[in-house]
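These notes are about the structure you will find just below.
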Amino acid sequence: MENRRQFIRKSMLSALAASLGTEIVFARHMPDGYIPVGLLDNDRDALKGKHPDMVVLNDRPWNVETPAHLLDDAITPADKMFIRNNGIVPESIDVKKWTLTIKGESAKTVKTYTLADLKTKFKVHTYQLTLECGGNGRAGYYPATSGNQWTQGGISCAEWTGVRLRDLLEDAGIKDDAVYIGYYGQDIHPSREPGKVVISRGVPIKKALEDETLVAWAMNGQDIPVVHGYPLRLVVGGWPASVSGKWLHTIAIRNKVHDGPKMTGKSYKVPKEPVEPGVDPPEDQFRIIESMPVKSVITYPKSGAMIDNGRTLALRGHAWAGDLEVKELHVSIDFGATWQKATLQAPKNRLAWQHWTAEIRFPQKGYYEVWARATDTGGVSQPMVMPQWNPEGYINNSCHRIAVKIV
Ligand SMILES: Nc1nc2c(c(=O)[nH]1)N[C@H]1C(S)=C(S)[C@@H](COP(=O)(O)O)O[C@H]1N2
Ligand SMILES: [Mo]
């Protein structure tokens with residue numbers, strides 16, 4: 001009897017170790033029938049392949065940000081892409097059976113496509129697209145607002161490949177009364193209640209029909225990583241990344257503003273009129289965030305760098321401006337008293353971030369802060385320390401500031 005029990009325990013432990021992907025070191029102390037925490041949901045794989053310096057803000061659901069200096073690549077690689085999940089990554093994704101359905105009150109017909117249909121029946125497009133979480137920068141608000149305390153790192157610009165959403169919507173047929181689209185993804189509600197949708201957002205039909213709005217199956221020339229929406233994702237550059245639905249299976253063409261979870265209440269909304277910091281007006285005084293504001297990040301050097309006196313420092317970073325382009329970028333080493341113009345590149349395509357560089361010299365040894373400030377083509381610049389406070393802590397586009405010591 002004892003032998004059989006031991007045998008079962010041993011084979012169970014090796015099965016557990018296999019699904020955890022590594023040995024359970026103190027397995028001998030684990031009670032019989034115990035389920036390791038690491039197996040409680042499928043999300044244990046979320047950090048697989050991520051850079052070890054990524055910062056975990058929350059593990060249920062996963063919210064993981066990229067330190068500014070890790071954003072240095074021209075195109076964000078998968079291992080340095082921030083993660084923002086609202087629920088649990090879908091379990092058992094079967095790509096052969098995966099379909100995308102276009103439907104809704106304002107769709108003339110219902111159409112369902114397999115991945116193979118999408119890849120062969122429509123023209124394929126590739127764009128670099130900037131995705132920034134609406135809550136990026138929340139940690140900079142005073143008074144503090146609740147939610148994940150993102151600093152600078154809820155931003156990415158990868159190269160996405162897929163078909164234009166427009167081509168699919170036109171294939172299904174768009175009725176004259178269409179005003180919005182809404183996405184549905186396969187992720188699981190944290191309550192695990194079957195069929196409960198965790199997030200279903202969308203954009204006005206005009207944004208949905210733009211050239212760069214993609215239904216993508218590839219990121220940086222490879223399958224989209226599971227945590228970023230494999231096997232299919234809506235990608236809408238320049239707007240809060242919450243409208244870029246991961247694990248996409250359905251798009252509804254709506255005859256009203258989409259009303260899925262996280263479209264209603266105060267989610268991804270800011271007060272229509274400026275409010276005094278700390279004041280939270282009623283729901284009907286909020287508007288949905290659309291294009292993200294102008295912003296930039298310093299990706300080299302890392303904050304806290306020690307630089308030899310007399311050396312010229314070559315700074316670099318990226319800048320972006322929602323639906324607009326960045327016109328100019330300036331840097332300051334004297335808390336914004338004077339500004340020096342940086343060299344700014346054109347974007348690879350519309351809605352891609354832009355790279356900038358600046359050579360700076362410091363007058364003497366000591367502590368400095370380097371500030372970067374972008375200005376968009378509408379003439380709007382980033383605020384230096386804190387923009388208009390809002391109750392949910394969205395769209396903080398204040399200047400990125402790093403510390404530098406000249407030694
Ligand atoms: N299905 C689904 N799509 C989603 C989310 C989600 O939780 N589920 N999170 C959204 C939010 S709030 C953001 S900021 C981006 C994050 O994308 P990333 O994790 O690939 O960086 O995905 C968006 N798309
Ligand atoms: Mo987000």
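In each ligand, atom 1 is the first atom listed, and ligand 1 is the first ligand listed. All residue numbers refer to positions in the sequence shown, counting from 1. Since we're looking at a predicted model, the values are computed, not measured.
At a 3.5 angstrom cut-off on N or O pairs, S242 does not count as close to ligand 1. Considering backbone and side-chain N/O of W247, none are found under 3.5 Å from N/O of ligand 1.
Near I83, the atoms of ligand 1 lying under 4.0 angstrom from a non-hydrogen atom of the residue are 19 (O). Annotation for ligand 1: atoms under 4.0 Å from non-hydrogen atoms of N85 are 7 (O). Which parts of ligand 1 touch C133 is read off a 4.0 Å heavy-atom cut-off, strictly below it: atoms 14 (S). Which parts of ligand 1 touch D187 is read off a 4.0 Å heavy-atom cut-off, strictly below it: atoms 1 (N), 2 (C), 6 (C), 7 (O), 8 (N).
Note on ligand 1: L131 sits outside its first shell, no heavy atom being nearer than 4.0 Å. Judged by the shortest distance from any of its heavy atoms, S156 lies outside the 4.0 Å radius around the atoms of ligand 1.
For atom 24 (N) of ligand 1, the closest non-hydrogen atom on the protein side is S244 O, 3.0 Å. Among protein heavy atoms, the minimum distance from atom 3 (N) of ligand 1 is reached at K246 N, 2.9 Å. Protein heavy atom nearest atom 22 (O) of ligand 1, with residue, atom name and distance: R233 NH2, 3.2 Å. From the protein, the heavy atom lying nearest to atom 23 (C) of ligand 1 is A241 O, 3.3 Å. The protein non-hydrogen atom at the shortest distance from atom 12 (S) of ligand 1 is Y268 OH, 3.1 Å. Nearest to atom 21 (O) of ligand 1 among the protein's heavy atoms is F82 O, 2.6 Å.
A parallel orientation is assigned to the rings of H318 and W353, their planes being inclined by less than 30° (bins at 30° and 60°).
In this structure, Y184 has its ring center under 6.0 Å from that of H258.
With 3.5 Å as the limit, one finds no donor-acceptor pair spanning the side chains of W356 and Q354. Side-chain N/O atoms of D334 and W371 include no donor and acceptor closer than 3.5 Å. The closest side-chain donor-acceptor pair between R361 and T312 falls under 3.5 angstrom. Side-chain polar atoms of T151 and E65 form a donor-acceptor pair below 3.5 angstrom.
Considering D171, D211, T213 in turn, D211 is the only one that fulfils the side chain to side chain donor-acceptor pair (under 3.5 Å) rule with R166.
For K302, the NZ atom is loosely surrounded, since the number of other residues' heavy atoms within 6.0 Å does not exceed 12. Annotation: K119, atom NZ; neighbour count of heavy atoms from other residues, nucleotides and ligands within 6.0 Å is above 12.
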